[in-house]
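Before I ask anything, let me first share the structure, which is written out below as structure tokens.
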Amino acid sequence: MGLREHKRHSAGVTRGPRWKTMRMKALDRDGWACVQCGERRRLEIDHVQPVRTHPELSYVLANLQTLCGRCHARKTRIEVGMGQPDPAREAWKSLLRSMQRNPNNGD
Ligand SMILES: [Zn+2]
């Protein structure tokens, strides 16, 4: 299955009347706010497990979450491989943390 077919599949999910119902259910459940930052504008419904890889979860409420445009864009970036934790970077961060844990108190 090619990329174009995947895209068409996803578009098919978010266009039908069945999606409208699921979208409203997700918004109601999440209190009409982004689950990550609490934003109440520009809300979008995100598939926790992408339709691309989990088409069977397309209409499962547990697989849906309310996100604002910004958080949704961030998640999409991570899904396409950008912003994923990189081992070298993680090692550097933990080194920094260990240095902060042993501050020079001057005593
Ligand atoms: Zn948000």
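Given the structure is predicted, the values throughout are model-derived calculations rather than measurements. Because only heavy atoms are used, hydrogens play no part in the values below, and waters and symmetry mates are left out as well, while side chains stay in. Atoms within each ligand, like the ligands themselves, are counted from 1 in listed order.
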request  = Taking side-chain hydrogen bond (donor to acceptor under 3.5 Å, both in side chains) as the test, write out the residues that go with K93, two or more places apart.
outcome  =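 E90.
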**Message:** Under the rule for salt bridge (Lys or Arg N to Asp or Glu O under 4.0 Å), what residues qualify as partners of K20, not counting sequence neighbours?
**Reply:**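 For K20 there are no salt bridge (Lys or Arg N to Asp or Glu O under 4.0 Å) partners, ignoring immediate neighbours.
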Could you name all protein N, O or S atoms found under 2.8 Å from the Zn ion (ligand 1)?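 For the Zn ion (ligand 1), the protein N, O and S atoms that sit under 2.8 Å away are C34 SG, C37 SG, C68 SG, C71 SG.
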Q | Qualifying residues under side-chain contact (heavy atoms from CB on, under 4.5 Å), relative to R74, sequence neighbours excluded | A |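 Listed in chain order: Q36, C71, R77.
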Quick check on R70: does its CZ atom have over 12 non-hydrogen neighbours (other residues, nucleotides or ligands) under 6.0 Å away?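 At most 12 heavy atoms, drawn from other residues, nucleotides or ligands, come within 6.0 Å of this atom.
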Do L64 and Y59 make a side-chain contact, defined as non-hydrogen atoms from C-beta onward lying under 4.5 Å apart?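 In short, these two side chains do not touch, never coming nearer than 4.5 Å.
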Does the side chain to side chain contact (heavy atoms under 4.5 Å, CB included) test come out yes or no for L27 and I45, once each step is laid out?
CA-CA 8 Å; L27 284 164; I45 302 303; 3.8 Å; yes
